[in-house]
Amino acid sequence: MTRAGRKRSHRSRKKRITLALAPVAAVAVAVPLMNPAGAATPSEVSADCSADSDKLENCEFVDVQVKRDSLGPNQRVSAVTDNCGSTSTASKTFDVSTSVTRVIQLEDGFTAAADTKLGNSFFEIGLKFNTSEINITRDDKTTGLAFSRTDTVQADSVAFFMWSAKRTDVSGFLRATYKEPQDGQKVFFSPSEGGTSVHVFYPQILKNGTPDGRLWLRNVKCGTPEAAGLLNSTRALRSEPGFGEGGENVTDVDIPLSEIPAP
């Protein structure tokens, strides 16, 4: 009698444990099935915003940080003049040409046309940071810098002009509002709310209408790896070191922008 009673008690405990675990397992299976149901990912938000998708009610750039006087890439903006083998300096004429425009850097490399909702948002943000002291290019129209100038090339050197545009760097994130809810919500962000990885670079323009920035004449000693790379390059644009960063074989001379003629 006693042994039979213990067996019945043991079986009933096992049954109760099984029944208690069953609902937990069911919930664990259901949760992952609900999560990925149509929510917009950051990359999809960027793509929809840049394409001005019909799914969107609105898309806007939300600024978080701003940095004035940010310098852009270092660009070679004239042909390379060769004075190799000469023991004296030489006066050479350089044709200098470059242009600046608003640059948008979204995380996935997307761009946005000016006539899209997002493009209009970038314009409005640019208007916010345009002041009487600092004039910036708010749209995607280019502003050029072109002139001829005679300068001194050092003995046994090659020389060319370098340029780095001065710009206002506004960073923030995208906020997209969809017409129809996706997974219970209509508003999504890229890359995230409060993020600063979306950059808009607004070129700064001088009062005479020319781009603001840093212009310098660079001399490079012949017979050096730096000079060989320049003379053998078939690319119009190369990645170059910044002002004063070229090393012992490179000499940089600042050119005041006040000496550059207005367009």
Side-chain angles (χ1 to χ4, degrees), residues 66-103 126 129-170 200-222 224 226-227 229-231 233 235-263:
V66 60
K67 181 181 178 183
R68 302 279 192 184
D69 300 336
S70 169
L71 288 174
N74 305 306
Q75 299 177 319
R76 176 157 48 91
V77 292
S78 77
V80 177
T81 297
D82 184 345
N83 195 31
C84 292
S86 174
T87 58
S88 60
T89 61
S91 291
K92 300 286 186 178
T93 299
F94 296 86
D95 293 324
V96 179
S97 177
T98 187
S99 62
V100 296
T101 188
R102 184 188 65 190
V103 175
F129 293 105
N130 196 61
T131 66
S132 57
E133 294 79 25
I134 299 180
N135 179 38
I136 63 175
T137 298
R138 299 179 299 280
D139 53 29
D140 54 6
K141 295 177 183 177
T142 59
T143 302
L145 180 72
F147 61 93
S148 293
R149 178 185 170 93
T150 300
D151 272 282
T152 300
V153 180
Q154 295 177 355
D156 197 31
S157 297
V158 297
F160 52 94
F161 272 87
M162 290 288 299
W163 164 262
S164 181
K166 192 178 288 186
R167 54 199 190 171
T168 294
D169 174 7
V170 183
V200 189
F201 298 102
Y202 299 92
Q204 297 177 188
I205 308 298
L206 297 172
K207 292 188 183 299
N208 66 4
T210 60
D212 196 0
R214 187 168 205 171
L215 180 71
W216 68 97
L217 177 65
R218 170 163 288 175
N219 277 267
V220 182
K221 283 292 182 184
C222 296
T224 62
E226 294 89 345
L230 289 161
L231 294 172
S233 175
R235 290 177 293 164
L237 294 176
R238 286 166 26 107
S239 177
E240 302 285 353
F243 182 87
E245 299 174 350
E248 60 181 358
N249 298 319
V250 177
T251 303
D252 291 332
V253 179
D254 249 327
I255 305 298
L257 293 186
S258 58
E259 298 180 9
I260 306 306

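Just so it is clear, the values below take in all heavy atoms, side chains as well, and ignore hydrogens, waters and symmetry mates.
- Summarising the geometry, atom CD belonging to E226 is positioned 12.5 Å from atom NZ belonging to K221; distances are rounded to the nearest 0.5 Å.
- The CG atom of D95 sits 8.5 Å away from the OG atom of S78 when rounded to the nearest 0.5 Å.
- Crowding of E248 atom CD: a count of heavy atoms from other residues, nucleotides or ligands under 6.0 Å not exceeding 12.
- Residues V100 and F201 have side chains not in contact (no heavy-atom distance under 4.5 Å, counting atoms from C-beta outward).
- Annotation: the span from T168 atom OG1 to K67 atom NZ amounts to 11.0 Å, rounded to 0.5 Å.
- Checked by atom type and distance alone, the side chain of N249 never pairs as donor or acceptor with a backbone atom of T224 at under 3.5 Å.
- In this structure, P211 and L206 approach most closely via the heavy-atom pair O-CD1, 4.0 Å.
- Contact annotation: the side chain of T98 never approaches that of F161 to less than 4.5 Å [non-hydrogen atoms, C-beta and beyond].
- Taking every heavy atom of both residues into account, L217 and T152 meet most closely at CD2-O, 3.6 Å.
- Remark: side-chain polar atoms of S164 are paired, donor with acceptor, to backbone N or O of G72 under 3.5 angstrom.
- Among N135, D69, N130, the one residue that satisfies the side-chain hydrogen bond (donor to acceptor under 3.5 Å, both in side chains) test with Q204 is D69.
- Taking 4.5 Å as the limit, some side-chain heavy atom of L230 sits within range of a side-chain heavy atom of E240.
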As a quick check of understanding, evaluate side-chain contact (heavy atoms from CB on, under 4.5 Å) for T87 and D156, giving each step before the final call.
CA-CA 6 Å; T87 58; D156 197 31; over 6 Å; no
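- Minimum interatomic distance between W216 and F243 (heavy atoms only, all atoms of both residues): CG-CD1, 3.5 Å.
- A donor-acceptor pair under 3.5 Å is absent between the side-chain atoms of N219 and the main chain of T251, judged by distance alone.
- Distance CZ/F160 to CZ/R76: 6.0 Å, rounded to 0.5 Å.
- Atom-to-atom distance recorded for T210:OG1 and I260:CD1 is 8.0 Å, nearest 0.5 angstrom.
- Minimum interatomic distance between A227 and C222 (heavy atoms only, all atoms of both residues): CB-CA, 4.0 Å.
- Between the side chains of S157 and N83, no donor-acceptor pair is found at a separation under 3.5 Å.
- With W163 as reference, L215 is the one residue of N74, L215, V96 to meet the side chain to side chain contact (heavy atoms under 4.5 Å, CB included) rule.
- To the nearest 0.5 Å, atom CG of residue D169 and atom CG of residue L71 are 11.5 Å apart.
- Across all non-hydrogen atoms, the minimal contact from I134 to R68 is CD1-CD, 3.7 Å.
- Minimum interatomic distance between D139 and T101 (heavy atoms only, all atoms of both residues): O-OG1, 4.3 Å.
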